[in-house]
Enquirer: 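Pasting a structure below so you can have a look.
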Amino acid sequence: MKTLTDIPVKTTVVVEDLLSSGNLRERMLALGLTRGASIDVLRKGPKGNLTVYNIRGAKIALRNEESNLILVSDK
């Protein structure tokens, strides 16, 4: 299974699972990153560490360390 970091720009994927725990997991769930949620990869930051995603209608920027904890599959 792929992580969100592996997905190229202008691609849509579906959340399968979160590998995070504690406060980070709660934050991800609060942002709408639940199983079955659709995510559009909008653009990468200039240094490649941040990526902007469309999650349930909100534009959210995540660092690569956070995106690596989100398992996704093709839509």
Side-chain angles (χ1 to χ4, degrees):
M1 199 168 292
K2 296 180 184 177
T3 64
L4 191 54
T5 307
D6 302 328
I7 307 303
V9 175
K10 296 185 180 177
T11 305
T12 302
V13 293
V14 175
V15 175
E16 293 297 327
D17 199 11
L18 299 178
L19 302 176
S20 59
S21 61
N23 288 337
L24 181 57
R25 184 178 183 86
E26 288 181 32
R27 176 177 173 254
M28 288 180 173
L29 291 171
L31 291 172
L33 290 165
T34 57
R35 184 170 289 137
S38 179
I39 299 177
D40 299 318
V41 183
L42 300 179
R43 65 179 178 265
K44 301 272 184 182
K47 295 187 179 183
N49 188 33
L50 282 176
T51 305
V52 179
Y53 303 99
N54 183 354
I55 304 168
R56 299 184 189 256
K59 292 180 182 172
I60 307 290
L62 296 176
R63 292 185 181 93
N64 286 345
E65 304 89 58
E66 298 164 333
S67 299
N68 271 328
L69 300 173
I70 303 168
L71 298 177
V72 295
S73 64
D74 295 331
K75 188 167 186 179

Enquirer: For the CD1 atom of I7 and the CD1 atom of I39, what is their distance to the nearest 0.5 Å?
Expert: 9.0 Å
Enquirer: Under 6.0 Å from the NZ atom of K59, do we count more than 12 heavy atoms belonging to anything else shown?
Expert: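 No, NZ of K59 has 12 or fewer neighbouring heavy atoms, counting only those of other groups under 6.0 Å.
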Enquirer: For the hydrophobic clusters of this structure (ILVMFWY residues joined by side-chain heavy atoms under 4.5 Å, transitively), does one cluster hold both V41 and I60?
Expert: yes
Enquirer: Would you tabulate the side-chain donor-acceptor contacts of residues 18-31 under 3.5 Å, counting partners in other chains and residues two or more places apart, or write 'none'?
Expert:
unit_1	atom_1	unit_2	atom_2	d
R25	NH1	L18	O	3.1
R25	NH1	S20	O	3.4
R27	NH1	E66	OE2	3.1

Enquirer: Looking at every heavy atom in both A37 and G32, which two are closest together, and how far apart are they?
Expert: CB-O, 3.4 Å
Enquirer: With rounding to the nearest 0.5 Å, note down the distance linking CG in N68 to NZ in K2.
Expert: 14.0 Å
Enquirer: For residues S67 and N64, is any side-chain donor paired with an opposing acceptor at under 3.5 Å?
Expert: no
Enquirer: Between V72 and E16, is the side-chain contact (heavy atoms from CB on, under 4.5 Å) condition met? List the steps.
Expert: CA-CA 5 Å; V72 295; E16 293 297 327; 5.6 Å; no
Enquirer: Roughly how far, to the nearest 0.5 Å, is CG of D17 from CG of L71?
Expert: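 The CG atom of L71 sits 5.5 Å away from the CG atom of D17.
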Enquirer: If I compare all heavy atoms of T12 with all of S38, which pair ends up nearest, and what's the gap?
Expert: CG2-OG, 3.3 Å
Enquirer: As an exercise, state the distance from CD1 of I70 to OG1 of T3, rounded to the nearest 0.5 Å.
Expert: 9.0 Å
Enquirer: What is the distance from atom NZ of K10 to atom CG of L42, rounded to the nearest 0.5 Å?
Expert: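 Going from the NZ atom of K10 to the CG atom of L42 covers 10.5 Å.
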Enquirer: Can you check whether L50's main-chain N or O pairs, donor with acceptor, with R63's side chain at less than 3.5 Å?
Expert: no
Enquirer: Is L4 linked to V14 within one hydrophobic cluster, defined over Ile, Leu, Val, Met, Phe, Trp and Tyr using a side-chain heavy-atom separation of less than 4.5 Å?
Expert: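 No, it is not one cluster - the side chains of L4 and V14 are not joined through contacts under 4.5 Å.
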Enquirer: If you group Ile, Leu, Val, Met, Phe, Trp and Tyr by side-chain heavy-atom gaps below 4.5 Å, do I55 and V15 land in one group?
Expert: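 Both belong to a single hydrophobic cluster.
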